[in-house]
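Note that the coordinates shown come from a computational prediction; the quantities given were computed from them, not determined experimentally. Note that these values count all heavy atoms, side chains included, but never hydrogens, waters or copies made by symmetry. Just so we're on the same page: letters track the sequence lines, and every chain starts at 1.
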2 protein chains.
Amino acid sequence: MSHKLNLDHLDLQIIQSMMENAEISYADLGKRLSVSGGTIHVRIKKLQEFGVVKGTRLAVDMRSLGYDVIAFVGIYLEKSSLYESVANDIKQIPEVIRLNYTTGNYSMFVEIVCKDIIQLKHVLHEQLQNIKGIDRTETLISLEESFRRNPIVYRPN
Amino acid sequence: MSHKLNLDHLDLQIIQSMMENAEISYADLGKRLSVSGGTIHVRIKKLQEFGVVKGTRLAVDMRSLGYDVIAFVGIYLEKSSLYESVANDIKQIPEVIRLNYTTGNYSMFVEIVCKDIIQLKHVLHEQLQNIKGIDRTETLISLEESFRRNPIVYRPN
DNA sequence: ATTGAAAGAGTCTCAGT
DNA sequence: ACTGAGACTCTTTCAAT
């Protein structure tokens, strides 16, 4: 992480392409980017060694599994020094899939995924609110996710 | 349509495992779950047909690519009927990777990924604020991401 | 660093259960 | 529905450039 990475256009194109679809074969991706499959292989191995690439993950449609509710919760702390302790307690709640320490309105900001509103209510009132050091919370419930996409790391022109 | 799929424990275990790491072979995953590799293959094909599985994606450490800044922006609309038009304008901003229509404090909520604060400032002031129909915005900048993980779809016991 | 080809490993299909 | 084996495809290594 302390080393400066020197990534060229080919590296970025590979990343851009495989962030969207990691199933493409090295040979096919090589064809598309005008190099051999062997070169794709070497580059990906390098990116893994450098820690840029962290593996591949199955993309799952959570709604079709019955996880219909996404909520965001802004958290106000009693004292900002309680961050570590509160973060640790929050991590014990499996429905919380993400926690950020933030500037701005809130001290902390979490994302929650649940099967229904009943379960969300349970997480908010029985779990989150009981954590020592949390002053109060504000909840945003997502009625619709308009889009979600990857950052653009390679822009052709 | 998102109901009523009949998925059993095996399906959920496959999903749970491959959400974390999609590189495992069918044979190895089968061993772990006490079935043959062929069965894993059939199940995954079924999950793809049902639309539960949407492919695989490369997991990338954005920070090592120089994308150091994550920000969340809450948006107040002049009228909530402007949602569609504003959503469309927001989608044109490549740094915005996610947009949700929400209840609660804000009408809309976006996530932004940038290389630095300069770029974030540009996105906020030259792009977002110029969109017709946006009343005002509140920005949360992430100072640290404490954790990020997948939802739990299978809990052993 | 990239290539092409051979060796090794994984996916996919199918007949049998 | 699951299994195991054969056919096929992809990954990985490596000598040559």
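- Straight-line distance from the CZ atom of A:R43 to the C1' atom of C:dT3: 13 Å, rounded to whole Å.
- Atom NZ of A:K31 is separated from atom P of C:dT2 by 19 Å (rounded to the nearest Å).
- Comparing A:K45 and A:D28 against DNA chain D, the residue whose closest nucleotide sits nearer the 5' end is A:D28.
- At C:dC12, one or more side-chain N or O atoms of B:H41 fall inside 4.0 Å of OP1 or OP2 (strictly under the cut-off).
- Residues B:F109 and A:F109 bring their aromatic ring centres within 6.0 Å.
- Note that the first and last nucleotides of DNA chain D, 5' to 3', having any atom under 4.0 angstrom from a heavy atom of chain B are D:dC2 to D:dT3.
- Per the geometry, OH belonging to A:Y26 stands 13 Å off C1' belonging to C:dG10, to the nearest Å.
- Each of A:V69, A:I93, A:L124 was checked for a side chain to side chain contact (heavy atoms under 4.5 Å, CB included) with A:I112, and the lone residue meeting it is A:L124.
- Residue contacts shown for A:V42 are absent, as no nucleic acid heavy atom lies under 4.0 Å away.
- Put simply, the side chain of A:R98 reaches to within 4.5 Å of the side chain of B:R148, judged on heavy atoms.
- Atom CG in A:L7 sits roughly 14 Å away from atom P in C:dA1 (whole-Å rounding).
- At least one donor-acceptor pair under 3.5 Å links the side chain of B:D11 to the backbone N or O of B:D8.
- Note on A:M62 and B:V52: same hydrophobic cluster, where clusters join Ile, Leu, Val, Met, Phe, Trp and Tyr whose side-chain heavy atoms are under 4.5 Å apart, directly or indirectly.
- Summarising the geometry, the separation between CE on B:M18 and P on C:dG10 is reported as 13 Å, rounded to the nearest angstrom.
- A 4.5 Å side-chain heavy-atom check between A:P94 and B:R155 finds at least one atom pair inside the cut-off.
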